[in-house]
Protein chains: 2
Amino acid sequence: MARKPPTKPRKNASQERSRATVDALVEATARILVKEGFEKASTNRIAEIAGVSVGSLYQYFPSKEALVAAVIDRHNEEIMGIVRSARIEVADMPIDKAVRKLVTVAIEAHRIDPKLHRVLAEQIPRTGQLKDVEAFNREVHALVRTYLESRRNEMRKIDPALATFICVSAIEAVAHNTVLNHAEMLTEKTVRTLVDETTRMVVGYLR
Amino acid sequence: MARKPPTKPRKNASQERSRATVDALVEATARILVKEGFEKASTNRIAEIAGVSVGSLYQYFPSKEALVAAVIDRHNEEIMGIVRSARIEVADMPIDKAVRKLVTVAIEAHRIDPKLHRVLAEQIPRTGQLKDVEAFNREVHALVRTYLESRRNEMRKIDPALATFICVSAIEAVAHNTVLNHAEMLTEKTVRTLVDETTRMVVGYLR
DNA sequence: ATATAATGCGAGCATTCACTCGCTTTTCCT
DNA sequence: AGGAAAAGCGAGTGAATGCTCGCATTATAT
């Protein structure tokens, strides 16, 4: 992500300034993606919005793709933060409570920055970044699978990997479609109903 | 889709020739998308592969986007054909049989042209075409909802629109992820297990 | 046969855009 | 203070690409 130094930096140098530049670039990219869409996100424009020159941009990001990847990563990292802590919180809960929590978290996670989420889902051609996204996906699966394995006694006999695949697919799809279709017009009540129903489906399936 | 004629055609003229051209263009677009990806699909290249000149291309398609949209439409139409006939077939079945059929069909539909499906899902920036895809989506929902409404007596008390949303989301997600992750390495047995499990989840949820 | 419309052609235009490079400014270290 | 490295600059380059336009070829009608 950072530049390849021609020689090693003597100390930490003025890292402050450059980190601010990097942040500004990523932030500008995200803003353009949300407000004007992927097509308008040219490197020149990103640099302009970031208040930085194109030259500086290329000092920190080897390509436009890398910039978009950074935005995706930042967003995914935010989501994973929530998911990871939910996984911990859920560790000692019985299945019905746990599933409810996970479903809630899934919807919450998708609601972090719905506009950005939408752009990432609809407009970004996944080329190369696929590996990163897949990694996050695998982590989610692993997190859920270990939980299910720890609660085998509350469940019917079923392959944990398979159960994970089905449950995660279903939960994610509901969360995803909810956010995409109903955008930001989502009442508390609607969300609760959705959570109730999805929980019911998943719990009913597991045992 | 067709050109705007400067004057009305006298008869049906040599429509044969032009229809062949249009077909060749759409087919070439699909082939390039599958074999070389979206980025390589320039209008010049599409024309070249179709054995047609760029000029002719623009006689029938006002833009590159229109060409891609045609490919998407053709693919969606193929899928909808299967789904529509499944809906009819399912009309008089009880819920468990019907759901099983619909789940099977969902996976089958996604398996029609997995490579194309993957490219469309991963690489095509949805800009403008959104409306079309949304229309297909709405039709699927309508098809399922009318079925559920006709079987209300076999189900617990539940809002049909909500039930449709949850079931369709879940089924589509399983089908989609199955095809995307496991590509074309899918044994009959695996598919049957997947169908069994998904059916179990959905039927259990509905009643 | 001749006129008219339909279809097809493809070199080239105009534009966009990712990216480079030579240079200046800022920061750090001694 | 002075020198070196880090950070920043932005006009310019080269390549790609969507699309046009004037002309050529083929089909249809009279």
Side-chain angles (χ1 to χ4, degrees), chain A residues 1-26 28-29 32-33 36-71 124-125 127-128, chain B residues 1-26 28-29 32-33 36-70 123-125 127-128:
Chain A
M1 197 81 61
R3 80 179 295 202
K4 291 182 200 166
T7 85
K8 291 178 209 166
R10 240 180 248 216
K11 264 199 175 177
N12 61 351
S14 59
Q15 305 297 23
E16 214 45 49
R17 193 149 136 256
S18 57
R19 230 171 331 181
T21 301
V22 169
D23 274 4
L25 284 167
V26 176
T29 307
I32 294 176
L33 286 179
E36 317 188 37
F38 180 73
E39 302 199 326
K40 295 289 179 63
S42 69
T43 51
N44 288 316
R45 183 139 181 68
I46 291 171
E48 179 193 326
I49 296 290
V52 153
S53 79
V54 223
S56 297
L57 185 158
Y58 278 95
Q59 206 134 65
Y60 301 103
F61 297 93
S63 71
K64 179 189 171 179
E65 226 189 21
L67 217 23
V68 174
V71 173
I124 309 290
T127 306
Chain B
M1 197 81 61
R3 79 179 294 201
K4 290 181 201 166
T7 85
K8 292 176 209 169
R10 243 177 244 219
K11 267 198 172 177
N12 61 353
S14 58
Q15 304 298 24
E16 215 45 49
R17 195 149 133 259
S18 57
R19 231 171 330 179
T21 302
V22 169
D23 275 4
L25 284 167
V26 176
T29 306
I32 294 176
L33 286 180
E36 318 189 35
F38 180 72
E39 302 200 328
K40 295 291 181 64
S42 70
T43 50
N44 287 319
R45 181 137 182 72
I46 290 171
E48 179 192 326
I49 297 290
V52 154
S53 79
V54 223
S56 298
L57 184 158
Y58 278 95
Q59 205 133 64
Y60 301 104
F61 297 92
S63 69
K64 179 191 169 177
E65 228 190 17
L67 216 24
V68 174
Q123 291 187 39
I124 310 290
T127 306

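The structure displayed is predicted, hence computed values, not measured ones.
Here the shortest heavy-atom pairing between A:A47 and A:L25 reads CA-CD2, 4.3 Å. Closest non-hydrogen pair, B:I46 versus B:A28, comes out as O-CB, 3.8 Å. In terms of heavy atoms, B:K64 sits closest to B:A41 at CE-O, 3.0 Å.
Between the P atom of D:dA7 and the CD atom of A:E16 lies a distance of 11 Å, rounded to the nearest Å. Atom CD in B:Q59 sits roughly 13 Å away from atom C1' in D:dT26 (whole-Å rounding). The interatomic distance linking A:I46 (CD1) with C:dT16 (P) rounds to 17 Å, in whole Å. Regarding B:E48, its CD atom lies at a distance of 11 Å from the P atom of C:dG10, rounded to whole Å. For A:D23 and D:dA7, the CG to P distance is 14 Å, given to the nearest whole Å. Between the CD atom of A:E36 and the C1' atom of C:dT16 there is a distance of 16 Å, rounded to whole Å. When rounded to the nearest whole Å, the span between CG of A:L57 and C1' of C:dT20 equals 13 Å.
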Completion exercise
Protein heavy-atom contacts under 4.0 Å, written 5' to 3' over nucleotides 10-21 of chain D as B (base), S (sugar-phosphate only) or - (none), form the string B------SBBB-
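Within the model, atoms CZ of A:F61 and OG1 of A:T21 stand 10.0 Å from one another, a figure rounded to the nearest 0.5 Å. To the nearest 0.5 angstrom, A:F38 atom CZ is 5.0 Å from A:I124 atom CD1. Put simply, OH on A:Y58 and OG1 on A:T43 are 3.5 Å apart, with the number rounded to the nearest 0.5 Å. One distance of note links CD1 of A:I49 with CD of A:E36; it measures 6.5 Å at 0.5 Å rounding. Within the model, atoms CD of A:E16 and OG of A:S18 stand 8.0 Å from one another, a figure rounded to the nearest 0.5 Å.
When side chains are defined from C-beta on, B:L67 counts as touching B:L57, because their heavy atoms get closer than 4.5 Å.
Counting only Watson-Crick or G-U wobble pairs whose defining distances are both under 3.5 Å, the stems of 3 or more consecutive pairs in DNA chain D are C:1-30 with D:1-30.
The phosphate of D:dG8 (OP1 or OP2) has no side-chain N or O of A:S18 nearer than 4.0 angstrom.
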